[in-house]
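Below is one structure; the comments refer to it alone.
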Amino acid sequence: MYDYILRGGTVVDGTSGPSYQADVAIKDGKIAKIAQAIDCAAKEVIDVTGFAVAPGFIDMHSHSDTSFLEDNRCESRIYQGVTSEVAGQCGYTIYPCPDDRMENMRDFAGSDLTYFASASLQEFMDKVKAKGEQMSTNLIPLIGHGALRCGVMGYENRKATPEEIAEMQRLLDRDMQAGAWGVSLGLGYAPGVSSDQEELNALGEVVAKYDGIIPSHMRYQNDKTPIALEEMYEINRQTGAHVHISHFKASGKKAWGRAPEFVQHVADARKAGVNVTV
Ligand SMILES: [Zn+2]
């Protein structure tokens, strides 16, 4: 006896093969059988004729890591078929921070999230559990570079010292061990905008160690997009970390008509061996 049978849907299984008509049986939260017609008993049979049946989608760019604290149903994702979210984007998370500078993190997180502002990803998870909160989707957490920088040196608009960079590396390394998938950049915003290539490469070294990813809200998303792309490529060239462009734009009048050129820019970099995705 199955728990559910999804009957009569069009299966799009994510293997890049063509879609096909089939029933899908589910038991104990897992797919137990996919076949043309499943003629068995189930606790519930759901007629999905005319619908697509697919694995849950992964939202590559989400900010649910804080919004689920307001509404943990994440319905705007669930109704789109999204079941996993890569969250903590654009340099923004509410952790990590050196223990003795938690004021910086509370300031960065903002007044609504003061309680959840944490010294580490692990501490954040512990607070979430203690409060009985639970996201309805799967969280694939990133560490925000802006948070790291603000935690270590506040909003100071200057180059980080070698000691500050080492501290950012230490905090990032600890959170990667705790389950983070990489570091997100928000180079169009303070305090990420004050960073330079050296600082980004130093964080890239840590991410590469764990085979993680660096999704970036780039420094420019206009006629200067190629300059911002080069900054991302350089992280990969120097450290091997996989860089991902979150918002790929040609915004502003000066960039009108240049989108194909920017697309080609990335294609050429990939051809040359840079591990960059968009
Ligand atoms: Zn962004």
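Source: prediction; values computed, not measured. Note that ligands are numbered from 1 as they come in the structure, with each ligand's atoms numbered from 1 the same way.
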Short N/O/S contact of C90 with the Zn ion (ligand 1) (below 2.8 Å):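 So C90 does bind the Zn ion (ligand 1) by this criterion.
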
Closest approach to the Zn ion (ligand 1) by H247, given as the N, O or S atom name: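 The nearest such atom is NE2.
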
Atom name, H217 (N, O or S, nearest to the Zn ion (ligand 1)):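 It is ND1 of H217.
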
hydrophobic_cluster_shared for I46 and I5, side chain cutoff 4.5 Å: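 Different hydrophobic clusters.
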
Ion pair check, E123 and K127, cut-off under 4.0 Å: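 Yes, E123 and K127 are salt-bridged.
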
F51 CZ: over 12 foreign heavy atoms closer than 6.0 Å: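 No, because the 6.0 Å sphere around CZ of F51 holds 12 heavy atoms or fewer from other groups.
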
Test log, rule ring pair (Phe, Tyr, Trp, His ring centres under 6.0 Å), inputs Y233 and H265: CA-CA 11 Å; Y233 302 162; H265 201 286; 5.5 Å; yes

